[in-house]
Amino acid sequence: MLRWYDANARVLPWRAPPGSPPPDPYRVWLSEVMLQQTQVATVIPYFEKFTARWPDFASLAAVEDADLMSAWAGLGYYARARNLLAAARAVAGEHGGRLPADEAALRTLPGFGAYTAAAVAAIAFGQRAVVVDGNVERVVARLFAVADPLPGAKPRIRDLADSITPDARAGDFAQAMMDLGATICTPRSPRCLLCPLADRCEARAAATPEAFPVKAKKKARPVRYGTFFWAERDGRVLLVRRPDTGLLGGMRAFPTGVWSESPPALADAPFAADWTLRNATVRHVFTHFELIAALATATIGGHIDAPDGEWWPIADLDSAGLPTVFAKAVKAIGRSE
DNA sequence: GAAGCGTGGAT
DNA sequence: TATCCAAGCTT
């Protein structure tokens, strides 16, 4: 694997060339958090933007929460951004401005789970650590033809990954396994003819690489309905901040009614106004449900009993840091009648 | 252990 | 279009 990696490693902004000294732990950590459940191509522009604005722990730790959440807008899984800031502040305040170098200490920081702690320990600090992400799970499951379904097979796969992890260059080994999974040993139509492990791969020998890893069936995704409320006055629109926990936690948003299983009415408007239902809807797929949102608008004249929020210039909505579902609503309002 | 948590790419 | 799923973590 290391030989293959030396010749085939992807060139990425947060990565050092194979065999060279480890890159800046700050950049490794930032990239690992952004890459959680997120593809490389999606992460790159965010990583460039973040490292340009906040090049180290000290600068990131000093950011206002709202600025960080706004910069993260569109990347998803917003708890990552909240944990990122909490970890940066812990590092700046309690760890002398540096990440701890061992896996167990890393594991105690916000946003560091089993994967991220192992990856940072191995990639940024040269420690031997067993790094298991979705790519490694797939490669190992195929290499050893693991027949037990995920997620129950995770401990077994972790042990197998441990058994093939070298003492030296464990970080490069981990990145090699992930590159292999991302480019060769793909979920569908793996390119086994290019794989350096093909000779030793049990799934390949059985001619059924795509059958691994075995996974439990997923539940169907329910549909929920809601309404987004666009309150406009003097060229501005009312934005609120969502609660810190839960869906889109801490993000700017339009006021919304309750999201439920049946189509809503204007009855759950956030305040009394002359609401008009537009002839447009927003459809958006979240991890565990699909949302179909109606759009209601009102022009506000005199005083209203509106919730706390910001009257944001409509011409400058791009800078509000709205999550994608609400950015879609802005577009749909523009198209509607 | 299971459920909650975003968004977009690939097929 | 439908489905899978991506360098997972938290509760």
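Lettering follows sequence order; numbering is per chain, from 1.
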Task: A:R283 CZ: over 12 foreign heavy atoms closer than 6.0 Å - done: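 12 or below, so no.
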[N] [atom2] sits how many Å from [X] [atom1], rounded?
| X | N | atom1 | atom2 | result |
| --- | --- | --- | --- | --- |
| A:L180 | C:dA7 | CG | P | 12 Å |
| A:D133 | C:dA7 | CG | C1' | 5 Å |
| A:E32 | C:dA6 | CD | C1' | 13 Å |
| A:E137 | C:dC5 | CD | C1' | 12 Å |
| A:E210 | C:dC4 | CD | C1' | 12 Å |
| A:I157 | C:dG8 | CD1 | P | 14 Å |
| A:N135 | C:dC4 | CG | C1' | 14 Å |
| A:K218 | C:dT3 | NZ | P | 12 Å |

Rounded distance in Å between the [atom1] positions of [N] and [M]:
| N | M | atom1 | answer |
| --- | --- | --- | --- |
| C:dC4 | B:dG6 | C1' | 15 Å |
| B:dG1 | C:dT11 | C1' | 12 Å |
| C:dA7 | B:dA3 | P | 24 Å |

Open item on the list: If you take the centroid of each ring, where Trp contributes its six-membered ring, are A:F289 and A:F286 closer together than 6.0 Å?
Closed with: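 Ring centroids of A:F286 and A:F289 are less than 6.0 Å from each other.
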Open item on the list: I want to know whether A:F50 and A:W72 have ring centres closer than 6.0 Å.
Closed with: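 They qualify: ring centres under 6.0 Å apart.
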TODO: Indicate the ring-plane relationship of A:W259 and A:F228, choosing parallel, tilted or perpendicular according to the 30° and 60° boundaries.
DONE: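 A:W259 vs A:F228 ring planes: tilted.
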Task: Plane angle bin for A:W230 and A:F254 - parallel if under 30°, tilted between 30 and 60°, otherwise perpendicular - done: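 Geometry flag for A:W230 against A:F254: tilted rings.
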Using a strict threshold of under 4.0 Å (side-chain N to carboxylate O), is an ion pair present between [Y] and [X]?
| X | Y | value |
| --- | --- | --- |
| A:D172 | A:R169 | yes |
| A:R89 | A:D65 | yes |
| A:D179 | A:R15 | yes |

Open item on the list: Please encode protein proximity along nucleotides 2-11 of chain B as a string of B, S and -, counting only heavy-atom distances under 4.0 Å.
Closed with: -SSBBBSSBS
Categorize [X] for me: base, sugar-phosphate, or nothing, with a 4.0 angstrom heavy-atom threshold over every strand shown.
| X | result |
| --- | --- |
| A:A174 | nothing |
| A:W14 | base |
| A:L12 | base |

Task: Earlier contact from the 5' end, DNA chain C, for A:G113 and A:P187 - done: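 That would be A:P187.
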Open item on the list: Return whichever of A:L109 or A:D179 has its heavy-atom-nearest nucleotide of DNA chain C closer to the 5' end.
Closed with: A:D179
Open item on the list: On the nucleotide C:dA7, are OP1 or OP2 found under 4.0 Å from the side-chain N or O atoms that A:R10 carries?
Closed with: no
TODO: Looking only at side-chain atoms of A:T116, point me to the closest of C:dA7, C:dC5, C:dC9.
DONE: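 In terms of side-chain proximity for A:T116, the closest of C:dA7, C:dC5, C:dC9 is C:dC9.
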